[in-house]
Amino acid sequence: MEVEIRYFAAAREAAGIEGETVAVGDDSDVAALLTTLCRRHPDLVGPAASMRIAVDEDFADTDTPLHAGAVVALIPPVGGG
Amino acid sequence: MEVEIRYFAAAREAAGIEGETVAVGDDSDVAALLTTLCRRHPDLVGPAASMRIAVDEDFADTDTPLHAGAVVALIPPVGGG
Amino acid sequence: MADAFAITTEAIDADAVRAAVLGPESGAVVVFHGTVRERTLDRRVTYLEYEAYEPMALKAMTAIADDLVREHGVAAIACTHRVGRLDIGDDAMVVAVASPHRAAALAATADFIARLKQDVPIWKKEHFVGGAIWIGSPEDPQGEGSRPPEEAGA
Amino acid sequence: MADAFAITTEAIDADAVRAAVLGPESGAVVVFHGTVRERTLDRRVTYLEYEAYEPMALKAMTAIADDLVREHGVAAIACTHRVGRLDIGDDAMVVAVASPHRAAALAATADFIARLKQDVPIWKKEHFVGGAIWIGSPEDPQGEGSRPPEEAGA
């Protein structure tokens with residue numbers, strides 16, 4: 001199945017793109033997806049340690065399962081205000 | 001000597017005037033003046049219990065001495081904001 | 001730049017109050033509006049009358065602000081209070097506090113208002129359906145310790 | 001009436017944010033401006049870049065505000081956050097909180113900003129003389145617990 005990735009801030013700079021569509025196994029969870037993304041973009045490995053992940057605009061855990069068409073965002077430490 | 005009196009809010013309504021010039025003895029303090037004012041305006045007797053007094057725009061005690069030309073204000077409980 | 005403290009009979013220009021505190025080091029600016037509300041306790045308010053002992057009120061606001069600038073390390077405090085007849089929805093008071101950090105700005109705002117309500121000679125007469133009362137007077141059911149000052153409305 | 005929550009690339013209209021919370025029962029309205037300041041720690045800021053994950057940021061702000069309306073009993077909360085390039089003195093964020101009583105309005109303002117800085121996907125890149133850094137990132141000397149969040153600037 002395919003999921004949509006959104007990169008923001010330091011994650012966008014590390015990946016070098018704003019987003020992409022990625023194919024993952026049907027039983028993939030967030031952790032499996034992150035492994036795939038770090039393999040595609042080695043510069044993500046360092047920043048990824050301090051990032052949170054959102055699935056469909058809610059924060060998710062590493063064991064949150066994915067579904068086809070899920071929108072997964074890499075959320076570096078935020079700093080609004 | 002003479003002092004200037006300013007009445008505000010409930011004190012103004014009780015005295016029926018906004019201010020007046022009052023003659024007091026040369027050694028008068030705030031307490032003596034208040035006695036004089038309550039004699040002139042009997043409706044002040046009740047409200048006076050909850051009022052503070054300012055002399056020359058600073059809060060004063062009942063034993064604060066007066067001077068000629070002092071501006072004495074009767075300050076009912078305040079309620080700005 | 002507007003005066004930091006003012007008493008006015010006109011509608012308050014909140015932008016001018018805010019402008020009086022702005023500076024390059026102030027990342028946090030709090031603007032507090034104390035607005036006439038339709039209902040206090042169970043009374044339906046029709047309008048308010050505010051009155052001030054203007055020179056003493058300005059002197060007292062300045063002294064309180066000087067204290068709080070020292071105490072909280074904020075950059076600047078300004079306040080304009082309106083007097084005369086005010087209707088529902090009118091701003092009675094606007095306070096602005098600028099500070100490098102927001103916690104100090106919010107704390108100084110709270111303290112400024114609390115001390116203004118305690119010690120600045122400004123009075124409010126509430127006209128409601130069936131009567132009128134000087135707020136804070138012994139006849140006022142919401143004044144004189146019947147509820148803690150930090151819970152009082154603006 | 002304007003939307004209660006918004007992300008914009010334009011200068012923030014603080015009056016519109018305030019207008020979004022006004023109501024007849026609200027005697028206390030707090031308007032908080034988070035403004036770009038010239039200096040943070042020992043760095044001389046030249047400009048900032050803000051970026052947001054807009055739909056999630058709006059959803060998160062709405063959820064936080066709903067929580068705080070319940071928790072503090074305030075009437076309404078609104079917030080507009082600016083993104084893109086901001087210069088010294090520009091407002092990055094304006095929060096407005098309306099409440100019958102001022103203590104609740106001030107507390108809800110403090111909590112809203114603290115939670116926004118924690119959980120709303122908006123990022124700030126500070127450009128200073130000699131470099132640039134994403135605020136809150138592991139490389140940021142003022143982020144990651146090096147000082148308590150309640151002391152952080154706006």
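Each chain gets a letter, A, B and so on, in the order its sequence line appears, and its residues count up from 1.
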Show me the donor-acceptor pairs, under 3.5 Å and distance only, between side chains in residues 12-21 of chain D and residues at least two apart or in other chains.
unit_1	atom_1	unit_2	atom_2	d
D:Asp13	OD1	D:Asp15	N	3.1
D:Asp13	OD1	D:Ala16	N	3.2
D:Arg18	NH1	C:His33	ND1	3.3

Closest non-hydrogen contact found for D:Ser26 with C:Thr35 is O-CB, 3.8 Å
Residue C:Ala114 versus chain D: region with a heavy atom under 4.5 Å: both
Kindly write out the residues that satisfy side-chain hydrogen bond (donor to acceptor under 3.5 Å, both in side chains) with D:Asp90, not counting sequence neighbours, or none if the list is empty. none
As a test of understanding, state which of D:Val30, D:Val29, D:Thr109 forms a side-chain contact (heavy atoms from CB on, under 4.5 Å) with C:Phe32. D:Val30
Measure across C:Arg37 and D:Glu25 and return the closest heavy-atom pair with its distance rounded to 0.1 Å. CD-O, 3.4 Å
